Amino acid sequence: MNAPLNDTPGHEPHHEAPTDWITTPVEARFLRGALDVERTALGVRPHRLPSWARKQFPDPTLAMMEAQPSGVRLAFRTRATAVELDVLHTKTVYKGIPPLPGGAYDLVVDGRPAGRAEASGGNVLTIDLATQAAEMRPGPPGSVRFGGLPAGEKGVEIWLPNKETAELIALRTDAPVEAAPDSGRRVWLHHGSSISHGTNAEGPTGTWPAVAAALGGVELVNLGFGGNALLDPFVARTMRDVPADLISVKLGINLVNLDLMRVRAFAPAVHGFLDTIRDGHPTTPLLVVSSVLCPIQEDTPGPGAPDFEGGKLRFRALGDPSDPSRLTLRVIRDELARIVAQRVAAGDANLHYLDGRELYGEADFAELPLPDEIHPDAAGLRRIGERFAERAFGDGGPFAV
């Protein structure tokens with residue numbers, strides 16, 4: 001494995017590139033895992049929701065989350081031994097909380113991890129979680145550099161950061177590049193919450209869907225949106241229209257911690273969401289996954305609230321456990337199991353259910369506790385991906401070949 005070579009902080013694009021290097025503008029043909037590509041003054045910005053869907057939600061949090069390219073990667077073939085990507089990235093930090101590590105770019109060569117680096121330069125967006133006020137500090141474009149790639153023709157992927165937005169400007173290489181051809185692998189379309197998005201992942205290939213996709217040998221389209229797995233109709237219509245061989249939806253935690261709906265509304269909303277997906281994918285294997293274990297919300301409804309005591313972010317559940325109209329994770333799991341069984345009995349033989357506690361349960365919580373009471377750490381996310389691959393892609397699983 002070749003270690004990445006980072007550029008000097010603040011490095012401007014093209015400043016140190018040899019004149020005999022080849023510059024290639026980033027275009028949609030190089031991108032996988034993006035559903036839309038927005039042209040900007042500098043280059044392109046990948047999106048994980050199409051433009052028509054982005055017009056249907058006023059929530060700035062969802063706008064930020066769908067523009068963070070979790071699961072999106074540049075894919076090309078080349079004989080280059082060094083690659084640079086010019087990019088203007090935007091890092092998000094939260095007021096009163098120690099900054100998280102910078103967004104990583106992961107290099108994969110012929111399917112194998114080959115390096116990790118961070119971009120220089122970039123903007124910084126500071127958000128106050130208590131008031132939702134946001135302040136942008138502009139910064140310059142920068143670069144990510146990977147050197148020492150093996151000689152000869154090879155497939156190269158650069159996985160974009162799952163926790164930052166990225167405006168892609170150009171590729172610079174010491175040999176020509178061409179967009180990677182269709183891999184011929186099955187396409188897995190997944191929708192979920194921040195746990196699917198990759199909060200606390202060590203890098204973009206360390207999100208649990210990326211881990212599972214690598215083990216399952218499939219092409220990932222990750223519609224995991226932090227705080228926004230909310231049964232939104234425009235997400236269901238998006239999934240309806242995206243070509244996919246395998247589909248999964250992971251539901252529960254955001255509906256509880258946002259206290260979004262009551263028990264009465266939940267089952268019809270789930271049926272409507274699945275009906276819409278089935279309009280475009282009537283027989284595609286479709287796996288409904290409930291939330292992984294989250295002790296603070298198993299039997300206590302939302303809303304959830306951040307707690308900054310001691311300078312560390314933790315979440316608390318504030319709802320009334322005695323109110324039978326409110327959703328908890330236990331109620332949602334029971335309802336999802338019932339809904340899937342009902343639809344299977346009605347003839348949907350390719351619909352399946354997976355209890356999320358099979359991916360991360362009580363024993364896992366004892367070994368790898370949730371750092372903020374909601375999100376698994378990097379090791380927990382990798383375990384979830386490995387277990388999902390075993391249960392979904394393994395022998396007898398709903399996604400088995």
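Since we're looking at a predicted model, the values are computed, not measured.
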Q. Under 3.5 Å, is there a donor-acceptor pair between the side chain of Glu66 and the main chain of Arg48?
A. yes
Q. For Arg137, does the CZ atom have more than 12 heavy-atom neighbours from other residues, nucleotides or ligands under 6.0 Å away?
A. no
Q | Derivation and outcome, side-chain contact (heavy atoms from CB on, under 4.5 Å), residues Leu327 and Glu335 | A | CA-CA 10 Å; Leu327 290 171; Glu335 280 293 279; 6.0 Å; no
(Q) Quick one, Arg383 with Glu367, criterion salt bridge (charged side-chain N to carboxylate O under 4.0 Å, His left out). Give me CA distance, side-chain angles, the key distance, then yes/no. (A) CA-CA 12 Å; Arg383 180 173 295 180; Glu367 180 187 353; 3.0 Å; yes
In a table with atom names and distances, give each donor-acceptor pair under 3.5 Å that connects a side chain of residues 232-242 to protein atoms at least two apart or in another chain.
| residue | atom | partner | partner atom | Å |
| --- | --- | --- | --- | --- |
| Arg237 | NH2 | Gln56 | OE1 | 2.6 |
| Thr238 | OG1 | Phe234 | O | 2.8 |

**Q.** Side-chain heavy atoms of Leu313 within contact of Tyr94, under 4.5 Å
**A.** no
**Q.** Pairs where residues 174-185 contributes a residue and the test side chain to side chain donor-acceptor pair (under 3.5 Å) is met, not counting sequence neighbours
**A.** Thr81-Asp174, Ser183-Glu219, Arg185-Glu219
Q.
Quick check for you: to the nearest 0.5 Å, what is the distance between Thr165 atom OG1 and Glu167 atom CD?
A. 8.0 Å
Q: First locate atom CG of Leu286, then atom OG1 of Thr284, and finally report the distance between them rounded to the nearest 0.5 Å.
A: 8.0 Å
Q. Say you draw a straight line from CG of Asn222 to NE2 of His190; how long is it, rounded to the nearest 0.5 Å?
A. 6.0 Å
Q) Which residues satisfy the side chain to side chain donor-acceptor pair (under 3.5 Å) test with Gln297, sequence neighbours excluded? A) none
Q | Main-chain N/O of Gly224 paired to His197 side chain as donor or acceptor, under 3.5 Å | A | yes
(Q) Test your reading of the model: is there a side-chain donor-acceptor pair from Asp86 to the backbone of Ile169, 3.5 Å cut-off? (A) no
Q | Glu135, CD: over 12 other non-hydrogen atoms inside 6.0 angstrom | A | no
**Q.** Side-chain donor/acceptor of Glu164 to backbone N/O of His89, under 3.5 Å
**A.** no
Q) To the nearest 0.5 Å, how far apart are CG in Asn254 and OG in Ser196? A) 9.5 Å
(Q) So does Arg73 get a backbone contact from the side chain of Glu157, meaning a donor-acceptor N/O pair under 3.5 Å? (A) no
Side chains of residues 389-401: which donor-acceptor pairs under 3.5 Å do they make with residues two or more places apart or in other chains?
| residue | atom | partner | partner atom | Å |
| --- | --- | --- | --- | --- |
| Arg391 | NE | Glu358 | OE1 | 3.2 |

Q. What's the shortest heavy-atom distance between Arg338 and Ala267, and which atoms?
A. NH2-CB, 3.6 Å
Q) Quick one: does Pro161's side chain get under 4.5 Å of Tyr105's, heavy atoms only? A) yes
Q: Could you tell me which non-hydrogen atom of Pro301 sits nearest to which non-hydrogen atom of Thr328, and how far apart they are?
A: N-CG2, 3.7 Å
Q | Enclosure of Arg79 CZ (heavy-atom neighbours >12, cutoff 6.0 Å) | A | no
Q | Sidechain-backbone polar pair: Arg333 side chain, Ser291 backbone, donor-acceptor under 3.5 Å | A | yes
Q. Quick one: does Asp364's side chain have a donor or acceptor within less than 3.5 Å of a partner on Gly361's backbone?
A. yes
**Q.** Stepwise side-chain contact (heavy atoms from CB on, under 4.5 Å) test for Phe388 and Leu354
**A.** CA-CA 9 Å; Phe388 184 91; Leu354 175 63; 4.2 Å; yes
Q: Identify the two heavy atoms, one from Trp159 and one from Ala210, that lie closest to each other, and give their separation to 0.1 Å.
A: CZ3-CB, 3.9 Å
Q) If you take all heavy atoms of Pro268 and Ala265, which pair is closest and at what distance? A) CD-O, 3.5 Å
Q. Does the side chain of Cys294 come within less than 4.5 Å of Ile253's, by heavy atoms?
A. yes
Q.
Within the structure provided, determine whether Val218 and Asp245 are in side-chain contact (heavy-atom separation under 4.5 Å).
A. no
Q) Given the rule in the side-chain contact (heavy atoms from CB on, under 4.5 Å) test, do Leu171 and Ile158 qualify, once you have shown the distances and angles that lead to the verdict? A) CA-CA 11 Å; Leu171 277 170; Ile158 301 176; 4.2 Å; yes
Q: Could you grab the distance from atom CG of Leu31 to atom CG of Leu74, nearest 0.5 Å is fine?
A: 5.0 Å
Q. Quick one: does Leu85's side chain get under 4.5 Å of Leu160's, heavy atoms only?
A. yes
**Q.** Asp59 side chain reached by Met65 side chain, heavy atoms, under 4.5 Å
**A.** no
Q: Ignoring hydrogens and angles, tell me if any N or O in the side chain of Arg357 forms a donor-acceptor pair with the backbone of Glu362 under 3.5 Å.
A: no
Q.
Which heavy atom of Thr78 sits nearest to which heavy atom of Pro176, and what is that distance?
A. OG1-O, 2.8 Å
Q: Evaluate the criterion side-chain contact (heavy atoms from CB on, under 4.5 Å) for residue pair Arg343 and Asp275; output intermediate values, then yes/no.
A: CA-CA 10 Å; Arg343 294 176 71 99; Asp275 284 343; 2.9 Å; yes
Q. Does anything in residues 337-360 pair up under ring-ring contact (aromatic ring centres under 6.0 Å, His included), and if so which pairs, sequence neighbours excluded?
A. none
**Q.** Side chain to side chain, Asp377 and Pro371, heavy atoms closer than 4.5 Å
**A.** yes
Q: Could you tell me whether a side-chain N or O of Ser194 sits under 3.5 Å from a main-chain N or O of Gly227, the two making a donor and an acceptor?
A: no
Q) Got a second to check how far Lys154's NZ is from Leu149's CG, nearest 0.5 Å? A) 5.5 Å
Q: Answer yes when Arg382 and Glu202 have at least one side-chain N-carboxylate O distance shorter than 4.0 Å, and no when they do not.
A: yes
Q: Report the residues that fulfil salt bridge (charged side-chain N to carboxylate O under 4.0 Å, His left out) with Asp307, sequence neighbours left out, ordered by chain and then residue number.
A: Arg316
Q: Taking atom types as modelled, find out whether Asn123 and Thr90 have a side-chain donor-acceptor pair closer than 3.5 angstrom.
A: yes
Q.
Quick check against the 3.5 Å criterion: does Ser120 have a side-chain atom that pairs as donor or acceptor with the backbone of Ser143?
A. yes
**Q.** Closest contact, heavy atoms only, Trp188 versus Ser248
**A.** NE1-OG, 2.9 Å
Q: Describe, in one word, how the ring planes of Phe315 and His375 are oriented to each other, choosing from parallel (under 30°), tilted (30 to 60°) and perpendicular (over 60°).
A: perpendicular
Q. Do the side chains of Leu255 and Leu231 get nearer than 4.5 Å, heavy atoms only?
A. yes
